[in-house]
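Convention: sequence-line order gives letters A, B, ...; per-chain numbering from 1.
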Number of protein chains: 2
Amino acid sequence: MPSSPVADPLQPPQTVEAFRTRLAELSGHLPRRLQQCADHLAAHQDSVAVSTVAEVAARAEVPPSAMMRFCQILGFSGYSEMQRLFRNAMTLGLPDYATRLANLKSGPADRPAALLAEFVEAGRLSLERLTRDLDEDLLNQAVEVLSSAAVIHLAGYRRALPVAAYLAYVFEQLAIPAMLHDGIGGLDQRNAMRAGDALLAVTFAPYSSETLSVAAAGRARGLPVVILSDPPATPLLPQADLVLTVAEADFGAFRSLSATTAFALSLAVAIAARRKG
Amino acid sequence: MPSSPVADPLQPPQTVEAFRTRLAELSGHLPRRLQQCADHLAAHQDSVAVSTVAEVAARAEVPPSAMMRFCQILGFSGYSEMQRLFRNAMTLGLPDYATRLANLKSGPADRPAALLAEFVEAGRLSLERLTRDLDEDLLNQAVEVLSSAAVIHLAGYRRALPVAAYLAYVFEQLAIPAMLHDGIGGLDQRNAMRAGDALLAVTFAPYSSETLSVAAAGRARGLPVVILSDPPATPLLPQADLVLTVAEADFGAFRSLSATTAFALSLAVAIAARRKG
DNA sequence: CCCAAAATAGAATATTTGTTCCACCACGCG
DNA sequence: CGCGTGGTGGAACAAATATTCTATTTTGGG
């Protein structure tokens, strides 16, 4: 691809990394006002996504026109184009969303490989978002609670079943007592939840009533309940002691589980480490 | 007009928390278009900060004016005021992805968050490799074969079960006849495989004998057999018509399924598109 | 089945925001 | 010591965007 190590002054940076590189290159041999722009952007680059030129310029203590000139020096056509870069990087929705969705819906012989590229992109965004938005404290609490359980009960239906099943597999590998409530044949396994155990339930909106009912049963027995879901999980807050959320980017009506599986695995391994330590 | 005589003195939510609460209150007893707004905002609340009304409205599949009305129902004077709430919440927010990832990794290796950062990194690598190493021709053939099947039979055990289960879920959503051979209670479902059907088996090294035996049964019945596995899949080549591989990066002894789920979803959606087209 | 009230869509309007342009200033070089 | 080059700020202009308004459709009650 046409991305060279040395910055081409006519081509705008396509990624935030490229943007930073360009900024570093320029910084130092720049007229005073433009240097101010560079310094300010280096320190507050993400605020570009949500601010107007006037605001950014004011914070950098330069007139708006100076900021405009600076954008153009970076290779952008103007402030808007630079802003678009940061907006795209910030939102989980894919760029050109409408166009791509139209292609997916109408495009007759859309190549499977193109489709795959979209889902890979969605997965990448989700993973990125996962580290950025992580509530570390919440995760630590979940590890704490679950690692001290005698048996970890797992629940998850429909789209959440793969995650619960995966957790069951990993826990077994790690020699951690765990039990998957698969609800096969309508058989409950709720009475298997005993004092000293804990429940880890996985559910995504719209929340399946089975999962919620297992969670309620767990609480009724006094078990700590941890729910893994997608944001916003507001309706779940009263149902659990801890609610962890993973935002999974969608493409069209479809959502992969790329970030969720990574999160689940981390959780399991962290629990194992805690139990050993 | 901050105070009205009626018992609906709507003050705009001052925090995102308050915003979520109000959303939850309203949701349910709302006219159709406004409910769409509520649903969309619940799922993509942060994208408001970086999008115009027109964009948000388009994604929610409502006209812009409907979104405006909804903002006013929430108590805001208009979209701009609502947007301000999210912009403010975001600027105080976290450093960007690269910085955050570096911070997470630099900490003690036993921190759950550090662990997560590693798995996220592994996931990203896997996704990257997935597009790079993709054998497009093979994927097209798989789509071709599976899309013309009357029923798609799915097999997968142990670590592959989540993938097979996920495929079963997605096929059902897409109204594609599919059957998961879960092998529950040691019950085979092999006689359900009939002429005109196809088998999609998922297995990773070391290959489970159950999966291989289902694949053999499928072939014996003359069904086309597609296997989804990890490289090198050489031992599987004689067992199947097509062998697709997804390389999943590992961290320590552990492998996530980030790339595999993305691949599985793509495959399913591509098959659906092919059947419709 | 009809009517009133609410909801809706899209066009018209108002406002905000980005961008360009040009007069002015500072500095260095002939 | 002027003259030219490059930098600067602000005002004028253009584009994008939010917001309001109204004709039309839908909904629910009598």
| note | Taken to the nearest whole Å, CD/E55(B) to P/dT17(D) is 7 Å
| remark: F70(A) CZ to dG6(D) P, in whole Å, measures 19 Å
| field | Atom-pair distance (OH on Y79(B); P on dT17(C)), nearest Å | value | 13 Å
| message | Just the rounded figure in Å: distance from C1' of dG6(D) to CG of L34(A). | response | 11 Å
| Under a 4.0 Å N-O cut-off, is there an ion pair linking R84(B) with E81(B)? | no
| remark: One should read off an interatomic distance between F263(A) CZ and L116(B) CG, to the nearest 0.5 angstrom, of 6.5 Å
| said: Under 4.0 Å from OP1 or OP2 of dT8(C): is there any side-chain N or O of R32(B) that close? | reply: no
| query | Which is true for S65(B) with a 4.0 Å heavy-atom rule: it touches a base, it touches only sugar-phosphate, or it touches nothing? | reply | base
| task | Applying side chain to side chain contact (heavy atoms under 4.5 Å, CB included) between L138(A) and each of L244(A), T245(A), V226(A), V243(A), report the one that passes. | result | L244(A)
| Whole-Å distance separating the CZ atom of F76(A) from the P atom of dT20(C) | 15 Å
| Which nucleotide in the list dG9(D), dT17(C), dA18(D) gets nearest to the side chain of T52(A)? | dT17(C)
| message | Less than 4.0 angstrom between a side-chain N/O of Q72(B) and OP1 or OP2 of dT20(D), yes or no? | response | yes
| field | Side-chain N or O of R69(A) closer than 4.0 Å to phosphate OP1/OP2 of dG7(D) | value | no
| query | Among the nucleotides dG9(D), dT8(C), dT19(D), which one has an atom lying closest to any side-chain atom of R33(B)? | reply | dT8(C)
| field | Residue met sooner reading DNA chain C from 5', once V62(B) and M68(A) are mapped to nucleotides | value | V62(B)
| What is the distance from CZ of R84(B) to P of dA18(D), rounded to the nearest Å? | 12 Å
| query | What orientation do F76(B) and F19(B) show, parallel under 30°, tilted 30 to 60°, or perpendicular over 60°? | reply | tilted
| request: Indicate yes or no for a side-chain donor-acceptor contact from E248(A) to the backbone of T260(A) under 3.5 Å, with no hydrogens or angles considered. | output: yes
| request: Specify the separation, in whole Å, of atom CD of E81(A) and atom P of dA16(D). | output: 13 Å
| field | Closest to side chain of S80(B), choosing from dG18(C), dT19(D), dT8(D) | value | dT19(D)
| request: Please report, rounded to the nearest Å, how far the P atom of dT17(C) is from the CZ atom of R87(A). | output: 11 Å
| message | Quick check for you: among dT8(C), dT8(D), dT20(C), whose closest atom lies nearest to any side-chain atom of P31(B)? | response | dT8(C)
